[in-house]
Amino acid sequence: DAGVTQTPRHEVAEKGQTIILKCEPVSGHNDLFWYRQTKIQGLELLSYFRSKSLMEDGGAFKDRFKAEMLNSSFSTLKIQPTEPKDSAVYLCASSPGTLSAETLYFGSGTRLTVL
Amino acid sequence: QQKVQQSPESLIVPEGAMTSLNCTFSDSASQYFAWYRQHSGKAPKALMSIFSNGEKEEGRFTIHLNKASLHFSLHIRDSQPSDSALYLCAVSRTGFASALTFGSGTKVIPCLP
């Protein structure tokens, strides 16, 4: 089985640009998550989908961050407009969403640098 | 809101030695406790998890949970170069992945004895 695939691996943007990060979850998983990872804050939840429905949109990240699930096998995270403080690793994860004590399966992430 | 804190931030561990990583949480109703390991530039991967107070051992790794102290730990014995990674603890109130809160991580750096 393929794991979680994220593209691109690296992204460099100028301040004010719009960028779109992509994620393909594990086939058959119902839950999809977007996290931001920094050394200071650790992993912060940006968005959570269950069966393509947005369940959580990460509060503080609402204004410039928008995640969508176009279908059960593809999700995007749009950041518009980008700011230097958005520089971080963005991780996508999926899980079956049917049982408790479920493992999260992560992608390798997209490292975003905003100049 | 659940707060999860890890200590230390980083750890240099001689090869063959034992080491302990700590995680504290704030919500006493938490039910599920897990450790994830992230090698540099790679995806975090689940390592071990526990529900009940006590210990759970898998190979060189042991989780110890004390709910009353709001604390759990990961012990790694016979440290290997392959243990070089960022270790993330995660806590869930419900046991579901959707409710996991992660710590910032402890970076383990093996060294020659």
Side-chain angles (χ1 to χ4, degrees), chain A residues 1-10 23-26 29-60 88-111, chain B residues 1-10 21-26 29-52 56 58 63 65 72 85-109:
Chain A
D1 270 346
V4 175
T5 303
Q6 288 189 249
T7 54
R9 288 298 309 272
H10 302 275
C23 174
E24 295 174 35
V26 174
H29 280 189
N30 291 316
D31 286 359
L32 183 136
F33 305 82
W34 283 98
Y35 289 91
R36 183 170 80 174
Q37 184 178 30
T38 60
K39 282 186 180 171
I40 295 172
Q41 300 291 340
L43 267 73
E44 300 170 280
L45 181 66
L46 301 175
S47 293
Y48 159 49
F49 293 86
R50 164 151 287 194
S51 301
K52 301 188 293 179
S53 296
L54 182 63
M55 306 299 288
E56 198 166 328
D57 64 3
V89 175
Y90 290 82
L91 292 166
C92 178
S94 68
S95 71
T98 55
L99 300 170
S100 65
E102 285 184 343
T103 295
L104 277 176
Y105 294 81
F106 284 90
S108 296
T110 295
R111 181 174 293 278
Chain B
Q1 189 178 355
Q2 174 87 265
K3 284 186 176 19
V4 178
Q5 293 189 302
Q6 290 188 240
S7 64
E9 279 189 24
S10 64
L21 286 61
N22 299 298
C23 188
T24 59
F25 53 96
S26 61
S30 298
Q31 295 188 37
Y32 174 68
F33 309 85
W35 285 95
Y36 282 72
R37 181 171 66 182
Q38 184 180 23
H39 287 109
S40 183
K42 304 290 187 186
K45 284 190 178 173
L47 194 58
M48 291 181 72
S49 60
I50 194 168
F51 273 103
S52 308
K56 180 178 177 182
E58 288 181 7
I63 287 185
L65 171 64
F72 68 113
L86 181 71
Y87 290 77
L88 299 160
C89 68
V91 182
S92 170
R93 197 166 201 265
T94 63
F96 284 91
S98 56
L100 276 173
T101 302
F102 284 87
S104 299
T106 292
K107 187 165 177 63
V108 170
I109 306 162

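By convention in this document, chain letters (A, B, ...) are assigned in the order of the sequence lines, proteins followed by strands, and residues within each chain are numbered from 1. Because the structure is predicted, anything quoted here is derived from the model rather than measured.
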Could you tell me the separation between the OG atom of A:Ser108 and the CD atom of B:Gln38, rounded to the nearest 0.5 Å? 9.0 Å

To the nearest 0.5 Å, what is the distance between CZ on B:Phe102 and OH on A:Tyr35? 5.0 Å

Let me know if B:Lys45 has heavy atoms under 4.5 Å from chain A in its side chain, its backbone, both or neither. neither

Heavy-atom pair count under 4.5 Å with chain B, highest-scoring of A:Ser95, A:Gly109, A:Gly107: A:Gly107

Part of B:Gln31 within contact of chain A (heavy atom distance under 4.5 Å): neither

If I take atom NZ from residue A:Lys39 and atom OG from residue B:Ser104, how far apart are they, to the nearest 0.5 angstrom? 12.0 Å

Portion of A:Gln37 that has a non-hydrogen atom of chain B nearer than 4.5 angstrom: side chain

In terms of heavy-atom proximity below 4.5 Å to chain B, should A:Leu104 be classed as side chain, backbone, both, or neither? both

When the 4.5 angstrom heavy-atom criterion is applied to A:Arg111 and chain B, the contacting part is neither

For A:Tyr105, which atoms come within 4.5 Å of any heavy atom of chain B: side chain, backbone, both, or neither? neither

Of all heavy-atom pairs between A:Phe106 and B:Ala43, which one has the smallest distance, and what is that distance? O-CB, 3.3 Å

What residue, out of B:Gly103, B:Pro44, B:Ala99, has the most heavy-atom pairs lying under 4.5 Å from chain A? B:Pro44

